[in-house]
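The block underneath contains the structure these notes are about, expressed in structure tokens.
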Amino acid sequence: MKKDFITVSPDSGQEKESVTIIADPNTSAKDRSTNLLVRTAGDKSQEVRILQNSMPFYTASLIKFSGYPNNVGTLAFIPYFNFVNVGTNDDGSNYPIYHCKIKMNKNYDFSSDIKYFLMCTFREDLLEDYELELETPSESRYLTFKSSVSGLGLKNYEGEIFLSNGTGIVDEVSLRLTNKNDAYDYRTLYQIVFN
């Protein structure tokens, strides 16, 4: 039986029977709920309320240059998505890994750092004891709060990504949720790999 965003199976049964409830993914910015009425043959009934939280974060996207190569006329340094696969944290949770290629002029000058910004949107309650951290193989930086999305309990954050390290391209950038009191307690949420 399908009701709102849940699927219940089986819809009926006899004597002792297990019921499975599967919820569709909630890709919206708001929590949602529905009620399910369970009735027995003896006309006893119980209403169960099912709550589902909104997504923990929405988007993490590269948005702009904030630095350029020495020779702007020959600028050809553009990352573009190639394919996506999935990584797994120690706790068993999964995260997307976006593999990118870089379109680059063969005479590209790496002497200037090339910065992009990563922007993302998070639910406020997920960040009470955690910080958002951008990490490359050589450094890490915390994202900074930019604005709130009123009425939805969401916050926008931004952080710099250095795609050029002065001599080449960084291999990867990870967005992590890191415990404010324990740097070893972290969870990768999003990763970009340059190849």
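Computed from a predicted model, the values in this text were never measured in an experiment.
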* Side chains of Ile50 and Ile21: does their closest heavy-atom pair fall under 4.5 Å? -> yes
* Run the side-chain contact (heavy atoms from CB on, under 4.5 Å) check on Gln191 and Glu172 step by step: do they pass? -> CA-CA 7 Å; Gln191 188 174 52; Glu172 63 186 46; 3.3 Å; yes
* Asked: Would you say Phe83 and Tyr98 make side-chain contact, with heavy atoms under 4.5 Å?
  -> no
* To do: Please round to the nearest 0.5 Å and tell me the distance separating atom OG of Ser9 and atom CD1 of Ile6.
  => 10.5 Å
* Using the test side-chain hydrogen bond (donor to acceptor under 3.5 Å, both in side chains), find all partners of Lys2 that sit at least two apart in sequence or belong to another chain. => Asp24
* **Test item: Met1 and Leu36 side chains (from C-beta on) under 4.5 Å apart, heavy atoms** => yes
* Go through the steps to decide whether Phe122 and Leu143 satisfy the test side-chain contact (heavy atoms from CB on, under 4.5 Å), and finish with yes or no. => CA-CA 12 Å; Phe122 274 80; Leu143 272 69; 6.0 Å; no
* To do: Please round to the nearest 0.5 Å and tell me the distance separating atom CG of Asn94 and atom OG1 of Thr88.
  => 4.5 Å
* Do you reckon Leu189 sits in the same ILVMFWY cluster as Val86, going by side-chain contacts under 4.5 Å, direct or chained? -> no
* Asked: Does the pair Leu132 and Cys120 meet the rule for a side-chain contact (heavy atoms from CB on, under 4.5 Å), with working shown?
  -> CA-CA 10 Å; Leu132 293 167; Cys120 57; 4.2 Å; yes
* Take Ser33 and Leu51, measure what side-chain contact (heavy atoms from CB on, under 4.5 Å) needs, and give me the verdict at the end. => CA-CA 4 Å; Ser33 66; Leu51 302 168; 3.4 Å; yes
* Measure from NZ or CZ of Lys155 to the centre of the six-membered ring of Phe145 and say whether it is under 6.0 Å with the direction within 45° of the ring axis. => yes
* Test applied, side-chain contact (heavy atoms from CB on, under 4.5 Å); reference residue, Tyr157; option that passes from Leu175, Thr121, Leu127, Leu134 -> Leu127
* Approximate separation, where rounding is to 0.5 Å, of Thr144 OG1 and Glu158 CD -> 6.0 Å
* Any chance you could measure Leu154, atom CG, to Ser148, atom OG, to the nearest 0.5 Å? => 9.0 Å
* Side chains of Ser174 and Glu135: donor-acceptor distance under 3.5 Å anywhere? -> no
* Spacing of CZ belonging to Phe5 relative to CD1 belonging to Ile22, to within rounding of 0.5 Å -> 13.5 Å
* Which atom names give the shortest non-hydrogen contact between Ser18 and Pro10, and what distance separates them? -> O-CD, 3.6 Å
* Rounded distance (nearest 0.5 Å) linking atom OH of Tyr95 with atom CG of Leu177 -> 14.0 Å
* To do: Tell me yes or no: between the side chains of Thr178 and Glu133, is some donor less than 3.5 Å from an acceptor?
  => yes
* Asked: So do Asn156 and Val149 actually touch side chain to side chain, heavy atoms under 4.5 Å?
  -> yes
* Side-chain heavy-atom pair Asn35, Val48 within 4.5 angstrom cut-off -> no
* To do: Taking atom CG of Asp90 as the centre, report whether more than 12 heavy atoms of other residues, nucleotides or ligands fall under 6.0 Å from it.
  => no
* **Salt bridge Arg49-Glu47, side-chain N to carboxylate O under 4.0 Å** => no
* Side-chain donor or acceptor of Asn179 paired with backbone N/O of Asp185 under 3.5 Å -> no
* To do: Return the minimal non-hydrogen interatomic distance between Tyr130 and Lys180, and the atom names on each side.
  => O-CE, 3.4 Å
* Asked: With no hydrogens and no angle check, is any side-chain donor or acceptor of Asn89 less than 3.5 Å from a backbone partner on Thr188?
  -> yes
